[in-house]
Protein chains: 2
Amino acid sequence: MRTPATQWSRGGEQHVVELSDGTVPAATVGRLPYYLRALRDLAAEGVGLTSSTELAERSGVSSAQLRKDLSYLGSFGTRGVGYDVESLASYITVALGLETEHRLAIVGIGNLGHALANYSGYATRGFQVVALLDASPDVVGTRVAGVTVEHVRGVADVIQRERVSMVVLALPGLGAQDVADAVVGSGVREILNFAPIALQVPDDVVVRSVDVGGELQILAFHAATRAAAL
Amino acid sequence: MRTPATQWSRGGEQHVVELSDGTVPAATVGRLPYYLRALRDLAAEGVGLTSSTELAERSGVSSAQLRKDLSYLGSFGTRGVGYDVESLASYITVALGLETEHRLAIVGIGNLGHALANYSGYATRGFQVVALLDASPDVVGTRVAGVTVEHVRGVADVIQRERVSMVVLALPGLGAQDVADAVVGSGVREILNFAPIALQVPDDVVVRSVDVGGELQILAFHAATRAAAL
DNA sequence: TCATGTGAAGGAATTCACAGCG
DNA sequence: CGCTGTGAATTCCTTCACATGA
């Protein structure tokens, strides 16, 4: 009656990427965060050993999927036994590059930007919000989550000064492309975009987009489909 | 130098779904919102006719992809000419079920819940926030975005009273499953989940999950990969 | 002639099923 | 014996390339 169900909104990537010896499919990369989350939960519950079945169930994927995914990274389990929670978690942490510090700037301190600035669970360490930017005079100069909001016109300077490596765009569509251009021009190669537009960026820049309105529309499609089936 | 790039975080669905005469692949459904967005932008710019090339570019997909996607819905263009912006937009609007009203409840009025409640661009009509719920006594009773926050314990009653058809879960992981159970028990079949857990729901319930922390981790992976390539 | 619409081809991701190893 | 790890099979998605029709 209750099944894991496919529900994650991932898999936007296209090309595989290098890691250690081989390549990791984009779809696999997109699932590593769930595995890490599940492993941390297990560790918090005091579980030291787990199986592909248990871990998969908690991650919302099939056990075959989980094993296949892990096989792209290496070989971590013990046949006939399972996986050591701690060591697998730490390996995935390394694979995801979470042992190094990532310095974030958030551009657009509206409702969403505020929420993101105050968002506590930045994936349990690894990420630090070092700069906030906005275009509105009402917001510039105020302090949010312990950081003073600066004007977006100085985005290039801020990125250099704070050694920002990732930028979160939380502005409303219009203007997002211009900021993206400036940000890319300053050397940033990873962008998390909440604006509902397809950013045009060079090939070597990775953009992940989150579109709440689009997600709702997809749900609406299913609702309509369900209604039509009656 | 500037390419559309694959950047959308969609495609979580697994099974195809019925529509009109045939079936629409999940991947296609996930892209319909971009097409609609691009069409509305074009309409706002006064463009009445467009091509698969133009529309695809604005949506961040290839023109072949766009044409193939539209072919699952029917045949809307004129060979040798292109697509009528208005009529294609209205068809996709219908296909997505946006001509009917969708009544939302948001559970968890923290930073994110606040932002979502105040989120203006609910995909340009079609969605209406009719209820807000939280567990904290500090929040219950306050008004947010014109709606009074009620206690989450009454979620079943609220869903019935307000005829809620979709629920947004903006609570922090712990407790999300319990609320999901109650929500599903009240007949809701579409859930947008911001909690970083794999919700266990019946097969006929559609869950779309958005995990900001996970998105950042995926970006971190790419950053690490880039660094390793040097 | 030109851009759509679409079979066919190609590639990617998932599932299967079992070999392999503790 | 049990569970991992993985080739093989399958399914799904994307791209190609051209027939089609305004």
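A note on names: the letters A, B, ... follow the listed sequences, proteins ahead of strands, and every chain is numbered from 1.
When each of C:dT4, D:dG7, C:dT6 is scored by its nearest atom to the side-chain atoms of A:Lys68, the top-ranked nucleotide is D:dG7. For A:Tyr72, counting side-chain heavy atoms from C-beta on, the closest listed nucleotide (C:dT14, C:dT15, D:dG5) is C:dT14. The side chain of B:Pro25 approaches D:dC13 more closely than any other nucleotide in the set C:dG5, C:dT6, D:dC13.
Neither OP1 nor OP2 of D:dC3 sits under 4.0 Å from any side-chain N or O of A:Ser51. Taking side-chain N and O atoms only, B:Ser75 has a distance below 4.0 Å to OP1 or OP2 of C:dG5. The side chain of B:Gln65 places an N or O atom within less than 4.0 Å of a non-bridging phosphate oxygen (OP1 or OP2) of D:dT15. Contact between the side-chain N/O atoms of B:Thr78 and the OP1/OP2 oxygens of C:dT4 is not found at any separation under 4.0 Å.
Distance CG (A:Asp69) to C1' (D:dG5): 13 Å, rounded to an integer number of Å.
Across all strands, B:Ser62 comes closer than 4.0 Å only to sugar-phosphate atoms, never to a base (heavy-atom distances).
The nearest pair of heavy atoms linking A:Gly97 to A:His102 is O-NE2, 2.7 Å.
Donor-acceptor pairing under 3.5 Å, judged by distance alone, is present between the side chain of A:Arg67 and the base of D:dG5. Residue side chain B:Arg79 does not reach the base of C:dG5 through any donor-acceptor N/O pair under 3.5 Å, judged by distance alone.
Within residues 81-90 of chain A, no residue has any heavy atom under 4.0 Å from DNA chain C.
For B:Arg67, there are no salt bridge (charged side-chain N to carboxylate O under 4.0 Å, His left out) partners two or more places apart in sequence or in a different chain.
Looking only at atom types and distance, the side chain of A:Asp69 has a donor-acceptor partner in the side chain of A:Tyr35 under 3.5 Å away.
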